[in-house]
There are 2 protein chains.
Amino acid sequence: MTIATPTRTFDEIAVVLKALADPNRLRILDTLMQGVSCNGELNEWLGLPPNLLSHHLRVLKKAGLITSRRDSVDGRWIYYAVDLDAIALWRTWFGDFFDPDRLQPRCLCGPEGENQTPITNLNLRVSHVTTN
Amino acid sequence: MTIATPTRTFDEIAVVLKALADPNRLRILDTLMQGVSCNGELNEWLGLPPNLLSHHLRVLKKAGLITSRRDSVDGRWIYYAVDLDAIALWRTWFGDFFDPDRLQPRCLCGPEGENQTPITNLNLRVSHVTTN
DNA sequence: AAATTATTTCAACATCCATTGAATTAGTTT
DNA sequence: AAACTAATTCAATGGATGTTGAAATAATTT
């Protein structure tokens, strides 16, 4: 009964999803997926002002979705890149959580669900649910 | 050059991700994944007040993630269920968007990226990017 | 040292959003 | 019709959030 993916609370998951749930951040992430980039280039590419980009990049970084490093020659440039491990992890999580095989279309309440076997804690996927 | 998944703007995607980016809604969705359920049972199961549940269920429904129907015998009961097609669609989208194979770790700006081939519009995944 | 470049930080604003308690609707039972 | 039940709607509040313009850092170049 070992769990492959690390257990995370829904609060933690919501933090990452919140970071993703913005059109501009999705655009930024999509651009970053195509190559390491920096503020100025994202500006040219997406048309967003530098300070706004800086803000969104910080949100993405705080959520652990991207990393940053300074140029070794000219330290004025900061390169942002997608965190490969992170996106692989969340890709898996999302795939598991939304796995159609999990779906149990039984009725548990009301007149229609009166003679159904109730859900027990054992039915819950441990990798997704945590007791607060 | 046909596209399997329908094209969606990042604005549309952000709407769905916003609906997901809440701890309580994730809990609700996770419970719904295990069987059709209604407000009162979600209340017992999650400990959230009925009116708050009603609010979150509406958000999820507006995002197209769940469906609802009244009991055929006792119309006071409303059953909520995960929309199978919707979660299959978003599962695929998420898997495609976060596909590690998309990652092109090249440097496009600054001194380090001076002699790299720039990104062209053709490199963009059409199913993910939209103009405006 | 002064000017320039890349990026971030700050302050302010407007808007959205989760939560709460009370009132209301829809439907059934007595 | 009155009482009861399941669920929703309403109004209010407090906090988080995206955006903007200006100022400030950090690092390099002249």
Side-chain angles (χ1 to χ4, degrees), chain A residues 10-11 14-29 36-63 66-80 107-114, chain B residues 10-11 14-29 32 36-63 66-81 107-114:
Chain A
F10 284 126
D11 297 77
V15 169
V16 176
L17 286 175
K18 264 192 223 298
L20 289 173
D22 178 85
N24 282 335
R25 283 197 289 270
L26 286 173
R27 281 184 261 269
I28 292 170
L29 213 51
V36 181
S37 197
C38 49
N39 196 315
E41 206 202 13
L42 286 168
N43 178 334
E44 289 179 19
W45 198 254
L46 299 171
L48 300 174
N51 55 347
L52 185 54
L53 283 168
S54 197
H55 164 66
H56 286 309
L57 287 167
R58 182 157 71 169
V59 174
L60 289 171
K61 191 179 180 184
K62 198 169 185 178
I66 64 174
T67 58
S68 67
R69 73 166 212 277
R70 290 196 116 94
D71 186 297
S72 54
V73 180
D74 189 335
R76 286 175 298 183
W77 299 73
I78 300 178
Y79 301 119
Y80 287 94
C107 203
L108 299 152
C109 55
E112 295 189 12
E114 226 136 51
Chain B
F10 283 128
D11 297 78
V15 169
V16 176
L17 287 174
K18 264 191 223 297
L20 289 172
D22 179 85
N24 282 335
R25 283 197 288 271
L26 287 172
R27 281 185 263 268
I28 292 170
L29 214 51
L32 257 47
V36 181
S37 198
C38 48
N39 196 316
E41 206 202 15
L42 286 167
N43 178 333
E44 290 179 20
W45 199 253
L46 299 171
L48 300 174
N51 53 348
L52 184 55
L53 282 169
S54 199
H55 163 66
H56 285 310
L57 287 167
R58 182 158 72 169
V59 174
L60 290 171
K61 192 179 179 184
K62 198 169 185 177
I66 64 174
T67 58
S68 67
R69 73 165 212 278
R70 291 195 116 95
D71 186 296
S72 53
V73 181
D74 189 336
R76 286 173 299 184
W77 299 73
I78 301 178
Y79 302 119
Y80 287 94
C107 203
L108 299 152
C109 54
E112 295 189 11
E114 226 137 51

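Please read these numbers as outputs of a predicted model, since none were measured by experiment.
A:N24 pairs by the side chain to side chain contact (heavy atoms under 4.5 Å, CB included) definition with A:D22, A:R27, A:L48, A:L52, A:H56, not counting sequence neighbours. Scanning for side chain to side chain contact (heavy atoms under 4.5 Å, CB included) contacts around A:S54 gives A:N39, with sequence neighbours left out. For A:L17, the side chain to side chain contact (heavy atoms under 4.5 Å, CB included) test picks out A:I13, A:L20, A:F94, B:L17, B:L20, B:A21, B:L26, with sequence neighbours left out. B:R58 pairs by the side chain to side chain contact (heavy atoms under 4.5 Å, CB included) definition with nothing, not counting sequence neighbours.
Rounded to an integer number of Å, the gap from B:K61 NZ to D:dA7 P is 14 Å. Rounded to whole Å, the distance from CD1 on A:I28 to P on C:dT7 is 13 Å. Protein atom CG of A:N24 is 9 Å distant from nucleotide atom P of D:dT20, rounded to whole Å. Between the P atom of D:dT17 and the CG atom of A:L60 lies a distance of 13 Å, rounded to the nearest Å. Here the P atom of nucleotide D:dA16 and the CG atom of B:D22 are 14 Å apart, to the nearest Å. Note: CZ (A:R69) to C1' (C:dA6) measures 15 Å, nearest angstrom. Counting to the nearest Å, the C1' atom of D:dG15 and the NZ atom of A:K18 are 11 Å from each other. Atom CD1 of B:I78 and atom C1' of D:dA7 are 6 Å apart (whole Å).
Rounded to 10°, the angle separating the first-five-pair axis and the last-five-pair axis of the helix from C:dA1-D:dT30 to C:dT30-D:dA1 equals 10°.
The nearest heavy atom of DNA chain D to B:W77 and to B:H55 marks one nucleotide each, and the one closer to the 5' end goes with B:W77.
A:R58 has no side-chain polar atom (N or O) that falls below the 4.0 Å cut-off from OP1 or OP2 of C:dT7. The side chain of B:H56 contributes an N or O atom lying less than 4.0 Å from OP1 or OP2 of C:dT19.
Closest approach of B:A19 and B:R25 over heavy atoms only: O-NE, 2.6 Å. Closest non-hydrogen pair, B:G75 versus B:R70, comes out as O-NE, 2.8 Å. Heavy atoms only, all atoms of each residue included: B:V16 and B:A63 are closest at CG2-O, 4.0 Å.
In this structure, the nucleotide among D:dG18, C:dT8, D:dT8 sitting nearest to the side chain of B:N51 is D:dT8. Each of D:dT8, C:dT7, C:dT8 was ranked by its minimum atom distance to the side chain of A:Y80; first place goes to C:dT8. Of the candidate nucleotides D:dT19, C:dT9, C:dT8, D:dT19 has the atom nearest to the side chain of A:L52.
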Protein-proximity profile, nucleotides 23-29 of chain D, B/S/- by nucleotide at the 4.0 Å heavy-atom cutoff, equals ---SBSS

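For the atom pair B:I28 CD1 and B:W45 CH2, the distance stands at 14.5 Å (nearest 0.5 Å).
Here the side chains of B:L42 and B:L57 are in contact, with some heavy-atom distance below 4.5 Å.
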